[in-house]
Protein chains: 2
Amino acid sequence: MKLSTRTRYGVRAALELAESAGRRPLQLKTIAQHQEISLKYLEQLMAMLRSAGFVRSVRGSKGGYVLAKLPSQIKLSDVFNCLEGPVITAECVQNDNYCARSADCVVKQVWAQVQQAVTNVLESITLQDLVDKAKDKKTSNYQI
Amino acid sequence: MKLSTRTRYGVRAALELAESAGRRPLQLKTIAQHQEISLKYLEQLMAMLRSAGFVRSVRGSKGGYVLAKLPSQIKLSDVFNCLEGPVITAECVQNDNYCARSADCVVKQVWAQVQQAVTNVLESITLQDLVDKAKDKKTSNYQI
DNA sequence: TAATACTCTACTTGTACGGTAGGAATAGTA
DNA sequence: TACTATTCCTACCGTACAAGTAGAGTATTA
C-alpha cells in the first residue's frame, strides 16, 4: 500500500515546475539537487510525464522542462495515474469478469470504497492548490 | 497501489469465519475450496492472523479455525494491518525525521490525506457489517 | 565548435510477492 | 494403541518490479 518513489518524486518535480510556471525552463539538474533525487532516475520519470503530455521539454543548452498546462489544470490524480498507474486496489473492482462472485461480493465493495476514497482526494487537488498552500506556509512562517 | 493477495484472501477467509461464528471450527481445507485459494498459502495467512490474536486454531482431527473475537469487534483495518502492514503511503507521513522538509511539506500533507482516507474506510467497517450486508444481499436475491 | 541538456536503451541489484513442499506436532476415533 | 485428520513450522523457489546506474546519441545555444 506504499507509493512508489516514482510517484513521490514525480509529484515533487511537478510541483517545482508549477512553482516556476511562466518562467524559462527548469533544468532537471536543478530539480534533482533541490529534491535530492538521482538525475538519471528523474530523467526517466520526466519522460513519462512528457509522453503523457503534462510537461514539455526544451532540448539543448539552456533547455529544461516546463509544464505543458496551467498548474490549475493538472490534478494530482493525473500525475499519479501517469507514474503509479491507475488507482486500483483489486482487479475485481475494475473487471466484473475477473471473479464469479463479482455481482454480490461484499468484499469487492469494500475495495471499491477504498479506491474511491483515494481517487477523491487526488482528484480534488491541483498543482496550483499545492503552490498556493506552499506560498501561504512561507508567508506565515515569516510572520512568526 | 494494489492490495496484495494476502490481504484480499485474508479478508475473505476472515469473513467466512465470521459467517460461521459460534459454530464449530471451520477447516482451512473448506475455506480454501470455497475461496479457491491454495491451502498451503492460506495456512500462512492464518498463522499471521493467529499471531495477531484475531483467530484461534484448534489442532488435530475435527480441528480448524474460529474467530477469537466477535465479528463486530474486528475491523477491516485490523486484518489489513496484520496482513498488508500499516496503511502507509509514504515514509515521511509517519516519521517526521525522515525528511528535512517534513514540517512545511505540502506534498507530505497530500499523502497524509490519502492515508487518512483509506484508514477511515477500513476502520469504519467490521466483519459483522460485512456479514449483515451479505445476508441482506441473499435475502433480496431470493425475493426477485 | 564546444558545452549544455534532454533522449533512448540497456543493464544491475535487491526485495517482496505468491506460492510450493515436506515433515512435525497434536487431537480425535476406531 | 494405531490411524487419520488437521494445524504448525521452516525452508525453498521463481518471477516481477522498483529503483537506480550507465553510456552513447541528439538537439540547441553561445
Side-chain angles (χ1 to χ4, degrees), chain A residues 1-13 16-17 20 24-52 54-68 80 82-86 88-91, chain B residues 1-13 16-17 20 24-33 35-68 80 82-86 88-91:
Chain A
M1 212 52 186
K2 243 183 202 165
L3 296 170
S4 63
T5 62
R6 263 213 305 279
T7 302
R8 292 188 292 110
Y9 291 176
V11 168
R12 279 154 59 187
E16 204 160 332
L17 290 181
S20 77
R24 55 181 194 190
L26 205 56
Q27 286 151 27
L28 290 192
K29 199 169 65 178
T30 310
I31 298 180
Q33 280 169 359
H34 282 186
Q35 303 291 338
E36 296 173 284
I37 300 173
S38 143
L39 172 62
K40 283 302 202 174
Y41 193 38
L42 184 59
E43 282 179 352
Q44 293 176 42
L45 310 189
M46 296 309 285
M48 297 173 79
L49 289 175
R50 183 169 49 78
S51 301
F54 297 118
V55 301
R56 262 188 328 110
S57 62
V58 181
R59 297 178 71 155
S61 181
K62 301 272 176 185
Y65 277 87
V66 290
L67 283 191
F80 186 99
C82 176
L83 297 174
E84 186 96 14
I88 296 182
T89 50
E91 195 61 35
Chain B
M1 211 54 186
K2 242 181 204 170
L3 296 170
S4 64
T5 61
R6 262 214 304 279
T7 302
R8 294 188 292 110
Y9 291 177
V11 168
R12 280 154 59 187
E16 199 153 330
L17 290 181
S20 79
R24 51 180 198 191
L26 205 54
Q27 286 150 27
L28 291 193
K29 198 170 65 177
T30 309
I31 298 179
Q33 281 171 358
Q35 304 291 337
E36 297 173 281
I37 301 172
S38 142
L39 171 63
K40 283 303 203 174
Y41 193 37
L42 185 58
E43 283 179 354
Q44 291 175 45
L45 310 189
M46 296 309 286
M48 296 173 80
L49 289 175
R50 184 169 48 79
S51 301
F54 297 118
V55 300
R56 263 189 325 111
S57 62
V58 181
R59 297 178 71 158
S61 182
K62 303 270 177 182
Y65 277 87
V66 290
L67 283 190
F80 187 98
C82 176
L83 296 175
E84 186 95 14
I88 296 183
T89 51
E91 195 60 37

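Numbers restart at 1 for each chain; the letters A, B, ... are given by sequence-line order, proteins then strands. Values below: all heavy atoms of this structure, side chains included; hydrogens, waters and symmetry mates excluded.
- A close approach under 4.0 Å does not occur between any side-chain nitrogen or oxygen of A:S4 and OP1 or OP2 of D:dC17.
- The CG-P distance, from A:L45 to D:dA18, rounds to 12 Å in whole Å.
- For the salt bridge (charged side-chain N to carboxylate O under 4.0 Å, His left out) test, no residue two or more places apart in sequence or in another chain qualifies with B:K29.
- Taking 4.0 angstrom as the limit, A:R56 places none of its side-chain polar atoms (N or O) nearer than this to OP1 or OP2 of C:dC6.
- With the end axes of the helix from C:dT1-D:dA30 to C:dA30-D:dT1 each set by five pairs, the angle from one to the other reads 0° at 10° resolution.
- Taking CD1 of B:I37 as the start and CG of B:L42 as the end, the distance is 5.5 Å to the nearest 0.5 Å.
- The closest side-chain heavy-atom distance from A:L3 to A:F80 is below 4.5 Å.
- The distance between atom CD of B:Q33 and atom P of D:dA5, rounded to the nearest whole Å, is 14 Å.
- Phosphate contact (OP1/OP2 of D:dC8, side-chain N/O of B:R50, threshold under 4.0 Å): present.
- As rounded to whole Å, 17 Å separates atom P of D:dA19 from atom CD of A:E36.
- Per the geometry, CD1 belonging to B:I37 stands 16 Å off C1' belonging to C:dT20, to the nearest Å.
- Note: CE (B:M46) to P (D:dC8) measures 9 Å, nearest angstrom.
- Side chains of B:V11 and B:L83 form no contact here, defined as non-hydrogen atoms less than 4.5 Å apart.
- With A:E84 contributing its side chain and A:S4 its backbone, the two residues share a donor-acceptor pair below 3.5 Å.
- Distance B:M48 CE to D:dT10 C1': 15 Å, rounded to the nearest Å.
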- Let me have a per-nucleotide readout for nucleotides 20-30 of chain D, 5' to 3', with B, S or -, counting only protein heavy atoms under 4.0 Å. BBBBBBBBBS-
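- Here A:K29 does not reach the OP1 or OP2 of C:dT4: none of its side-chain N or O atoms lies under 4.0 Å away.
- Not a single donor-acceptor pair under 3.5 Å links the side chain of B:R50 to the backbone N or O of B:S57.
- At a threshold of 4.5 Å between non-hydrogen side-chain atoms, the residues B:I88 and A:M1 do not count as touching.
- For the pair B:L3 CG and C:dG18 P, the computed distance is 10 Å after rounding to whole Å.
- Nucleic acid contact for A:R8: none, since no nucleic acid atom lies under 4.0 Å from a heavy atom of the residue.
- For A:E84 and D:dA18, the CD to P distance is 8 Å, given to the nearest whole Å.
- A:R12 contributes atom CZ, which lies 9.5 Å from atom OG1 of A:T5 (distance to the nearest 0.5 angstrom).
- Of the possible donor and acceptor atoms, none in the side chain of A:R8 sits under 3.5 Å from a partner among the backbone N and O of B:A90.
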